[in-house]
Engineer: 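I am attaching a structure below and will ask some questions about it afterwards.
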Amino acid sequence: MTIPPVRIAVTIATAVSAFVLLIAAAATVVLGGGSTTPSTTARQDIPPRMLTLYLQASATCPGLDWAVLAAIGKVETDHARLPNMISTAGAVGPMQFEPSTFTACAHPVPPGGKNPPTPWDPTDAV
């Protein structure tokens with residue numbers, strides 16, 4: 001029996017999504033999620049600029065814990081520390097946006113962001 005390629009792709013995408021959510025949940029606990037005060041572990045691991053951006057962004061989106069953003073930043077680019085922030089799938093920047101997705105979500109430009117916005121700029125991406 002041959003499995004259709006589309007089914008394989010959907011299965012892989014689902015597994016990757018589940019993995020990212022699992023990492024985000026674990027990071028929420030470790031980093032002190034659910035609190036506006038980052039844990040000592042979070043402050044030691046996350047560069048101050050990125051931590052500030054995670055906190056500011058979560059404050060503008062009710063229900064989005066800053067630790068979820070930090071978990072995404074950690075898993076995708078180690079909080080923008082990776083020298084080449086381009087995935088094999090074509091996602092770019094510190095939060096790994098697909099360029100077309102970023103273009104659809106890039107407005108309004110956040111305070112301190114680039115104009116025009118870019119997924120490479122941490123302020124715009126977070």
Side-chain angles (χ1 to χ4, degrees):
M1 179 168 116
T2 303
I3 300 172
V6 171
R7 188 171 193 167
I8 293 171
V10 168
T11 302
I12 291 171
T14 302
V16 169
S17 296
F19 178 72
V20 169
L21 288 174
L22 179 63
I23 295 297
T28 298
V29 171
V30 171
L31 297 176
S35 168
T36 56
T37 306
S39 69
T40 301
T41 302
R43 285 182 301 208
Q44 290 173 344
D45 180 51
I46 304 169
R49 177 177 183 218
M50 293 302 290
L51 181 57
T52 298
L53 292 172
Y54 298 145
L55 291 166
Q56 289 172 341
S58 69
T60 66
C61 187
L64 177 60
D65 194 297
W66 70 268
V68 172
L69 293 171
I72 293 167
K74 178 67 174 180
V75 169
E76 297 293 351
T77 64
D78 194 18
H79 307 296
R81 289 186 186 111
L82 296 182
N84 178 9
M85 293 186 282
I86 303 173
S87 76
T88 56
V92 299
M95 299 301 277
Q96 290 293 282
F97 274 97
E98 291 286 340
S100 60
T101 303
F102 184 82
T103 299
C105 302
H107 296 282
V109 176
K114 302 281 185 201
N115 197 1
T118 172
W120 294 101
D121 179 62
T123 301
D124 294 340
V126 175

Engineer: Could you tell me the separation between the CE atom of M95 and the CD1 atom of I72, rounded to the nearest 0.5 Å?
Structural biologist: 5.0 Å
Engineer: How long is the gap from CG on N115 to NE2 on H107, to the nearest 0.5 Å?
Structural biologist: 8.0 Å
Engineer: For D124 versus P117, what's the shortest heavy-atom pair and its separation?
Structural biologist: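 Shortest heavy-atom contact: OD2-CA, 3.2 Å.
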Engineer: Check for a donor-acceptor pair, side chain of D78 on one end and backbone N or O of R81 on the other, with a separation under 3.5 Å.
Structural biologist: no
Engineer: With ring-ring contact (aromatic ring centres under 6.0 Å, His included) as the rule and sequence neighbours excluded, what pairs involving residues 39-58 come up?
Structural biologist: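 Applying ring-ring contact (aromatic ring centres under 6.0 Å, His included) to every pair that reaches into residues 39-58, excluding sequence neighbours, yields Y54-H79.
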Engineer: Check for me, please, whether L69 and F102 land in the same ILVMFWY cluster - side-chain distances under 4.5 Å, paths through other members count.
Structural biologist: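 The answer is yes; both residues are in one hydrophobic cluster.
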Engineer: Rounded to the nearest 0.5 Å, how far apart are CD1 of I46 and CG of L53?
Structural biologist: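 Reported value, rounded in 0.5 Å steps: 11.0 Å.
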Engineer: Under 3.5 Å, is there a donor-acceptor pair between the side chain of T123 and the main chain of G113?
Structural biologist: no
Engineer: Side chains of T40 and R43 only: does a donor on one sit below 3.5 Å from an acceptor on the other?
Structural biologist: yes
Engineer: Measuring from T52:OG1 to W66:CH2, what's the distance to the nearest 0.5 Å?
Structural biologist: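 Between T52 OG1 and W66 CH2, I get 11.0 Å after rounding to 0.5 Å.
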Engineer: If you compare all heavy atoms of T77 against all heavy atoms of Q96, which two are closest, and at what distance to 0.1 Å?
Structural biologist: CG2-NE2, 3.8 Å
Engineer: Ignoring hydrogens, what is the shortest heavy-atom contact between R49 and P122? Give both atom names and the distance.
Structural biologist: NH1-CG, 3.6 Å
Engineer: Are L64 and F97 co-members of a hydrophobic cluster defined by side-chain heavy atoms under 4.5 Å apart?
Structural biologist: yes
Engineer: Rounded to the nearest 0.5 Å, what separation is found between the CE atom of M50 and the CG atom of L55?
Structural biologist: 11.5 Å
Engineer: Kindly give the heavy-atom pair with the smallest separation between K74 and D45, and that separation in Å.
Structural biologist: NZ-OD1, 3.1 Å
Engineer: Does E76 use its side chain to pair, donor to acceptor, with the backbone of P94 at less than 3.5 Å?
Structural biologist: no
